[in-house]
Amino acid sequence: MQEPQHVAMIMDGNGRWAKARFLPRVAGHARGVRRVRDVVECCIERNIRFLTLFAFSTENWKRPEEEVSDLMGLFASALEGEINKLWRNGVRLRVIGDLGRFSPRLQTLIASAEARTAANERLTLTVAANYGGQWDIQQAFRGWLRDRLATAEDIQSLPDPGDIDLRPYLSMGYAPDPDLVIRTGGEQRISNFLLWQTAYAELYFTDTLWPDFDGRAMGQALAWFAQRERRFGQTGQQVRIVAC
Ligand code: FPP
């Protein structure tokens, strides 16, 4: 059975889950943290090597101040409360995004969680926080240009677009591109998530709200992925010949 090496997730629907229960939105986010545990466990069981979660986008700062603050609190307490378990389970935690806007305390928690789990190899759990796919390409280009400017002769001629290799400069230069992107909550869009890296990803959209996305729902998404024929621009016939 075809299994993805890398699954990326847009965790949508926390607010609607809470509203349907006459609860504050933060209750939906808190329940969402539980689902993060479930999908991490599922990925470990299924030998999936990379799991990337879109926890907070560059646009999410536009939310009411109280909700932003609740999300920061949840993020900090999840880091403090879960890191030992992640470490014991062989999970390496990485956080990508423009982290400079977070409080010094949160930045310290992130740095120490990343350092503590740096030697783990079973599953790399990447949390995208204050992340945007357009920002990622911009910052990659800046890194690429900085390296070129260091060698004066390179400024004289611009390379062909195809020779500009931004991949090592992107936030997830350490991981293969996602094979599967799952978006919960009924919307069918990428919302400025991993724009470069999802060029050939299979996109799975489900109406299930994130707080309801349990191990069974994850199993259904993986079963759907297993049926997909991945062509990467080739014809179906070419791919099937290579596969046999
Ligand atoms: C989108 O639902 C969800 C978010 C913006 C936050 C996701 C955060 C978590 C699941 C908790 C923290 C995660 C980690 C990794 C510790 P929404 O609020 O847009 O839902 P709605 O569309 O129903 O309003």
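These numbers were taken from a predicted model, which means no experiment stands behind them. For ligands, and for the atoms within them, numbers begin at 1 and follow the listed sequence. All residue numbers in this chain count up from 1 along the given sequence.
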Out of curiosity, is [X] lining ligand 1, as in a heavy atom under 4.0 Å away?
X: R25; answer: yes
X: D12; answer: yes
X: R35; answer: no
X: G13; answer: yes

Original post:
Taking 4.0 angstrom as the limit, do R189 and D12 come out as a salt bridge?
Top reply: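 Salt bridge between R189 and D12, a charged N being under 4.0 Å from a carboxylate O: no.
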Original post:
Looking only at N/O atoms, are G15 and ligand 1 under 3.5 Å apart anywhere?
Top reply: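 Looking only at distances, the answer is yes, because the N/O contact criterion of under 3.5 Å is met.
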Subject >> N or O contact, W17 vs ligand 1, cut-off under 3.5 Å >> reply: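 N/O-N/O distance under 3.5 Å: no.
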**OP:** Check each heavy atom of R63 against ligand 1 and say whether those closer than 4.0 Å belong to the side chain, the backbone, both or neither.
**Re:**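 For R63, the contact with ligand 1 is made by the side chain alone.
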Subject >> Side chain, backbone, both or neither: the part of N60 lying under 4.0 Å from ligand 1 by heavy atom >> reply: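 Under 4.0 Å from ligand 1, N60 contributes side-chain atoms alone.
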Original post:
Quick one: which ligand 1 atoms are inside 4.0 Å of a heavy atom on V33?
Top reply: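 That gives atoms 11 (C), 12 (C) of ligand 1.
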**OP:** Check each of H29, K19, R31 against atom 4 (C) of ligand 1 and report the one with the nearest heavy atom.
**Re:**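 Ranked by closest heavy atom to atom 4 (C) of ligand 1, first place is H29.
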Subject >> From L125, V95, D70, N14 - option closest to atom 9 (C) of ligand 1 by heavy atom >> reply: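 Among L125, V95, D70, N14, the closest heavy atom to atom 9 (C) of ligand 1 comes from N14.
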Subject >> Rounded distance [0.5 Å steps], OG1 in T184 versus CZ in R35 >> reply: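 That separation rounds to 11.5 Å.
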Subject >> Between CD1 on residue I10 and CD1 on residue I190, distance to nearest 0.5 Å >> reply: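 Those atoms lie 5.0 Å apart.
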Original post:
Any idea which heavy atoms bring Q5 and P176 closest together, and the distance?
Top reply: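 Of all heavy-atom pairs spanning Q5 and P176, the closest is OE1-CG, 3.9 Å.
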Original post:
Which atom pair, heavy atoms only, marks the closest approach of W17 to A27?
Top reply: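 Taking W17 first and A27 second, the nearest heavy atoms are CZ3-O, 4.0 Å.
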Original post:
Do the side chains of W210 and L222 join up, straight or via other hydrophobic residues, at under 4.5 Å, putting them in one cluster?
Top reply: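 Per the 4.5 Å side-chain linkage, W210 and L222 are co-clustered.
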Original post:
Going by heavy atoms in the side chains, are F75 and I110 under 4.5 Å from each other?
Top reply: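 With C-beta onward as the side chain, the pair touches.
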